[in-house]
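Throughout, protein chains are lettered first and strands after them, A, B, ... in sequence-line order, and every chain is numbered starting at 1. This is a predicted model, so every value here is computed, not measured.
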Protein chains: 2
Amino acid sequence: MPALEKISYDPNAPVDPRVETLVNELIGRVADKWTLLVLEELEDHGTCRFTQLSRLVPGISQKMLTQTLRAMERDGLLVRTVHPVVPPKVEYCLTDLGHSLGEAFCGVWIWAETNLDRIEKARSAFDARG
Amino acid sequence: MPALEKISYDPNAPVDPRVETLVNELIGRVADKWTLLVLEELEDHGTCRFTQLSRLVPGISQKMLTQTLRAMERDGLLVRTVHPVVPPKVEYCLTDLGHSLGEAFCGVWIWAETNLDRIEKARSAFDARG
DNA sequence: CGGTATCCGAGGGGATACTG
DNA sequence: CAGTATCCCCTCGGATACCG
């Protein structure tokens, strides 16, 4: 497992509480299930079209895909390009900011993969205790 | 900004789709707003009591605090210790697994702090475009 | 193809009251 | 102190139908 501890981050550093609230909101927004799945697919496949994404992201509805893509575009995580042709062609591509978010989430992704078994065992043990 | 790119992670590595689903569910579970805030406070302050946490986590209701702590205990992220005294005294303490999750989320936290301004500008620009 | 509009049910989550 | 129980609102998100 890569050494994440190398990251220098002082949790005791004084942080403006207003900023802290904004950061919490931002993380809440960005740690959304669909956002993460769309982010993953765009990282893996590069530029994608709408229908392509709806096939790649398992279980997402048209509505949620539209909402998720709009929110990500608004946050500057991806760029939406409309090609003026018939039939319509719309492409979605991650920005540098989007890629950097993907990299930031790598640690969590690795953590989840690494500890999946451990957590399932913890759950079984907890449930067994009643 | 620390080099997160040092983390070796091949997104093209073949992953059992069943495992992928479980990982996604796990991340969805763990990336919960209240879970992250409780995790942060326990990292900063060490072992805490129930009422102490309810004061530390801004805006959390008793109900959500109870639910969040139970879920985290079930996942093996923290240990709940009941001291048989009157008045009751219950202490919550992160496990190694809990700490490792906190470290994994460091990258996301730093990303959010680093890019907060950039995202607010992206939003303003998007909203201005109509 | 790439959406928007509308309806609707499940459940997330707050407020309040009560208990060992 | 550290919860549980109840009520209730209100948002999230799926299903369906329609449009440029």
Novice: What residues form a side chain to side chain contact (heavy atoms under 4.5 Å, CB included) with B/Thr95, not counting sequence neighbours?
Specialist: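 In terms of side chain to side chain contact (heavy atoms under 4.5 Å, CB included), with neighbours along the sequence ignored, B/Thr95 is linked to B/Val79, B/Leu97.
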Novice: So which of residues 72-86 of chain B are in contact with DNA chain C, with a heavy-atom cut-off of under 4.0 Å?
Specialist: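 Going residue by residue through residues 72-86 of chain B, none turns out to have a heavy atom under 4.0 Å of DNA chain C.
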Novice: Specify the closest pair of heavy atoms between B/Trp111 and A/Ser100, including all atoms of both residues, with the distance to one decimal.
Specialist: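 Of all heavy-atom pairs spanning B/Trp111 and A/Ser100, the closest is NE1-OG, 2.8 Å.
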Novice: Could you run through nucleotides 4-20 of chain C and give me one letter per nucleotide, 5' to 3': B if any protein heavy atom sits under 4.0 Å from the base, S if only the sugar-phosphate is that close, - if neither?
Specialist: B--B-----BB--B--B
Novice: Roughly how far apart are B/Ile119 CD1 and A/Leu26 CG, rounded to 0.5 Å?
Specialist: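 Rounded to the nearest 0.5 Å, the CD1-CG separation comes out at 4.5 Å.
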Novice: Side-chain contact test, heavy atoms from C-beta onward, threshold under 4.5 Å: evaluate it for B/Ile27 versus A/Leu36 and give yes or no.
Specialist: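 Yes. Closest side-chain heavy atoms under 4.5 Å.
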Novice: Starting from B/Val82, can I reach B/Leu69 by hopping between I/L/V/M/F/W/Y residues whose side chains sit under 4.5 Å apart?
Specialist: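 Hydrophobic grouping puts B/Leu69 with B/Val82.
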Novice: List for me each residue that meets side chain to side chain donor-acceptor pair (under 3.5 Å) alongside B/Asn24, sequence neighbours excluded, and say none if there are none.
Specialist: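 With neighbours one apart ignored, the set is empty.
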Novice: Which pairs, with at least one residue in residues 64-86 of chain A and sequence neighbours excluded, count as a side-chain hydrogen bond (donor to acceptor under 3.5 Å, both in side chains)?
Specialist: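 Every side-chain hydrogen bond (donor to acceptor under 3.5 Å, both in side chains) pair that includes a residue of residues 64-86 of chain A, provided the two are not neighbours, is A/Arg29-A/Asp75, A/Arg74-B/Asp127, A/Asp75-B/Arg123, A/Arg80-A/Tyr92, A/His83-A/Glu91.
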Novice: For A/Met64 and A/Val57, run side chain to side chain contact (heavy atoms under 4.5 Å, CB included): C-alpha distance rounded to whole Å, both residues' side-chain angles, the deciding distance at 0.1 Å, then the answer.
Specialist: CA-CA 11 Å; A/Met64 289 317 298; A/Val57 179; over 6 Å; no
Novice: Heavy-atom distance under 4.5 Å between the side chains of A/Leu53 and A/Leu42, does that happen here?
Specialist: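 A side-chain contact exists here, since the closest heavy-atom pair is under 4.5 Å.
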Novice: Using the side chain to side chain contact (heavy atoms under 4.5 Å, CB included) rule, take B/Leu116 and A/Val19 through it: C-alpha gap first, then chi angles, then the decisive distance, then the call.
Specialist: CA-CA 9 Å; B/Leu116 191 55; A/Val19 170; 4.1 Å; yes
Novice: Keeping to residues at least two apart or across chains, list the side-chain hydrogen bond (donor to acceptor under 3.5 Å, both in side chains) pairs with something in residues 45-64 of chain B.
Specialist: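 Listed once each, the pairs are B/Glu41-B/His45.
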Novice: Going 5' to 3' on DNA chain D, which nucleotide is the first and which the last to come under 4.0 Å of a heavy atom in chain A?
Specialist: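 That gives a stretch of D/dG13 to D/dG20.
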Novice: If you group Ile, Leu, Val, Met, Phe, Trp and Tyr by side-chain heavy-atom gaps below 4.5 Å, do A/Leu78 and B/Phe126 land in one group?
Specialist: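 No.
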Novice: Please report the end-to-end axis angle for the helix from C/dC1-D/dG20 to C/dG20-D/dC1, five pairs per end, rounded to 10 degrees.
Specialist: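 End-to-end axis angle: 50°.
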